Enquirer: 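Before we start, here is the structure in question, set down as structure tokens.
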Amino acid sequence: MNGLAVACRRVVHIYRAEAGDVVALAGVDLSIGPGETLALVGPSGSGKSTLIALLAGLMRPSAGRVNIGTYDMGKLSDGEIARLRGTEIGVVLQGAARNLLPYATLHRNIWLAQRRAARTEGIKLDDPDRILDLVGLPGLGRSRIEELAPGARQRAALAVGIAAGPGLLLVDEPTSQLDTAGRDEVLEALETVNQERNTTIVVVTHDGDVGTRLGRAVTIRDGRVGAEGRDGQDFAVVAGDGTVQLPPEVLGDFPPGTLFTVEHIDGAVTLVAGGSDRSLAADHLGHVQN
Ligand SMILES: Nc1ncnc2c1ncn2[C@@H]1O[C@H](COP(=O)(O)OP(=O)(O)OP(=O)(O)O)[C@@H](O)[C@H]1O
């Protein structure tokens with residue numbers, strides 16, 4: 001299976017609660033190429049888990065569109081979404097134990113994850129031992145999950161997530177309970193899976209270093225894409241409705257109501273804060289050029 005592309009267009013998600021509605025996502029625009037690795041970072045409550053749940057088809061967006069490969073997730077039936085999750089989309093929930101049967105062997109856990117795909121025509125499944133090699137657990141097929149150390153258990157959860165050979169792997173907080181060595185092994189496993197299979201991988205994390213390692217880190221802030229880091233450089237991002245969130249550290253310089261003039265200089269666009277020399281050059285906004 002080749003990596004699947006992901007496209008979110010103006011995605012809104014509202015939780016209906018007795019105490020009042022909560023707008024968890026307020027218009028997310030995000031494109032992820034096939035075979036890309038990406039981290040979703042951001043403060044607690046910003047909407048990361050909600051976004052990954054929408055990508056996994058565990059919930060449907062209140063508005064907007066989520067496309068995975070050729071699928072429009074909002075238009076699929078529950079049965080079609082369940083089939084996708086057992087085949088083309090792999091999901092690793094937060095907390096390794098939630099993905100695994102503790103008393104069963106690694107082989108059996110992988111086999112259980114492959115069951116649905118095995119019945120689906122045209123899907124060729126990897127040998128479980130090959131999957132264990134990919135996640136750095138060679139020869140451990142007969143070990144029971146409860147015998148594994150926490151880092152190995154997290155990689156076992158990854159093995160289950162990739163068992164059916166998904167084109168998109170969604171992983172929630174894979175390193176949060178681990179020491180540095182355990183974290184590095186999990187990241188290595190993710191990198192190997194991505195390199196060997198070209199799997200698109202999206203990881204929700206609080207760990208900024210994980211974002212750096214994965215090459216692309218998208219910050220979710222107040223239910224929107226707030227910023228993006230790529231290969232060590234930070235960018236603000238223009239949303240589908242034309243808005244740009246300024247990084248919190250410069251917000252103090254541009255209070256609400258600040259007026260900008262839009263100046264076109266040598267083919268580049270520069271926003272100059274009214275009556276001052278404070279400006280945002282287009283290059284810092286993702287290069288706006290005609
Ligand atoms: N089932 C729910 N019902 C009502 N509100 C919810 C529900 N789940 C999440 N929320 C709210 O939606 C918003 C986004 O939550 P979400 O869990 O997506 O954020 P997060 O960035 O993943 O946070 P964390 O890093 O703490 O997991 C928060 O205000 C949260 O309180």
Side-chain angles (χ1 to χ4, degrees), residues 6-32 37-68 73-74 78 81 85 89-99 150 154 157-158 161 168-178 182-183 186-187 190 200-214 216-229 234-237 239-241 243-249 251:
V6 175
C8 299
R9 293 287 168 262
R10 310 243 182 138
V11 172
V12 174
H13 192 76
I14 301 171
Y15 291 102
R16 309 277 175 203
E18 260 180 42
D21 293 349
V22 179
V23 181
L25 297 178
V28 168
D29 290 286
L30 179 65
S31 297
I32 307 170
T37 54
L38 173 144
L40 292 175
V41 298
S44 214
S46 59
K48 307 178 296 292
S49 300
T50 303
L51 182 54
I52 211 166
L54 295 179
L55 298 183
L58 295 167
M59 304 187 299
R60 316 232 170 183
S62 310
R65 235 179 46 226
V66 175
N67 285 96
I68 309 283
M73 299 298 278
D78 289 349
I81 285 191
R85 265 208 307 279
I89 301 176
V91 181
V92 182
L93 303 171
Q94 184 171 5
R98 291 171 67 199
N99 304 277
Q154 185 61 57
L158 289 183
L168 172 65
L169 179 66
L170 306 167
V171 194
D172 200 354
E173 295 284 3
T175 60
S176 58
Q177 311 284 325
L178 304 180
R183 185 188 74 164
V186 165
L187 289 172
L190 287 170
T200 308
I201 300 179
V202 180
V203 176
V204 167
T205 181
H206 276 94
D207 184 342
D209 290 346
V210 173
T212 308
R213 268 286 280 274
L214 293 178
R216 186 175 171 200
V218 170
T219 303
I220 306 294
R221 209 182 291 131
D222 296 330
R224 285 167 172 257
V225 173
E228 183 164 329
D234 291 327
F235 299 92
V237 185
D241 61 0
T243 56
V244 179
Q245 284 199 43
L246 298 180
E249 61 273 19
L251 261 184

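Basis for what follows: all heavy atoms, side chains included, without hydrogens, waters or symmetry-related copies. Quick caveat: nothing in here was measured; it's all calculated off a predicted structure. Start at 1 and go down the list; that is how both ligands and their atoms are numbered.
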Enquirer: Do Ile68 and Leu55 make a side-chain contact, defined as non-hydrogen atoms from C-beta onward lying under 4.5 Å apart?
Expert: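 The answer is yes, as the side chains (C-beta and beyond) meet within the 4.5 Å cut-off.
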Enquirer: Identify, chain by chain and in numerical order, each protein residue with a heavy atom under 4.0 Å from an atom of ligand 1.
Expert: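 Heavy-atom contacts below 4.0 Å: Tyr15, Val22, Ala24, Pro43, Ser44, Gly45, Ser46, Gly47, Lys48, Ser49, Thr50, His206.
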Enquirer: Between Arg9 and Asp29, is there a side-chain heavy-atom distance shorter than 4.5 Å?
Expert: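 A side-chain contact exists here, since the closest heavy-atom pair is under 4.5 Å.
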Enquirer: Hey, are Arg224 and Asp241 close enough for a salt bridge, meaning a charged N less than 4.0 Å from a carboxylate O?
Expert: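 Asp241 and Arg224: salt-bridged.
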Enquirer: For Asp207, what residues pass the salt bridge (charged side-chain N to carboxylate O under 4.0 Å, His left out) criterion, not counting sequence neighbours?
Expert: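 Scan of Asp207 (salt bridge (charged side-chain N to carboxylate O under 4.0 Å, His left out), adjacent residues dropped) gives Arg183.
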Enquirer: How about Leu93 and Val91: do any of their side-chain heavy atoms sit closer than 4.5 Å?
Expert: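 A side-chain contact under 4.5 Å exists here.
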Enquirer: Mind listing the closest non-hydrogen atom pair of Ser62 and Ile14 along with its distance?
Expert: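 Smallest interatomic distance, heavy atoms only, reads OG-N, 2.9 Å.
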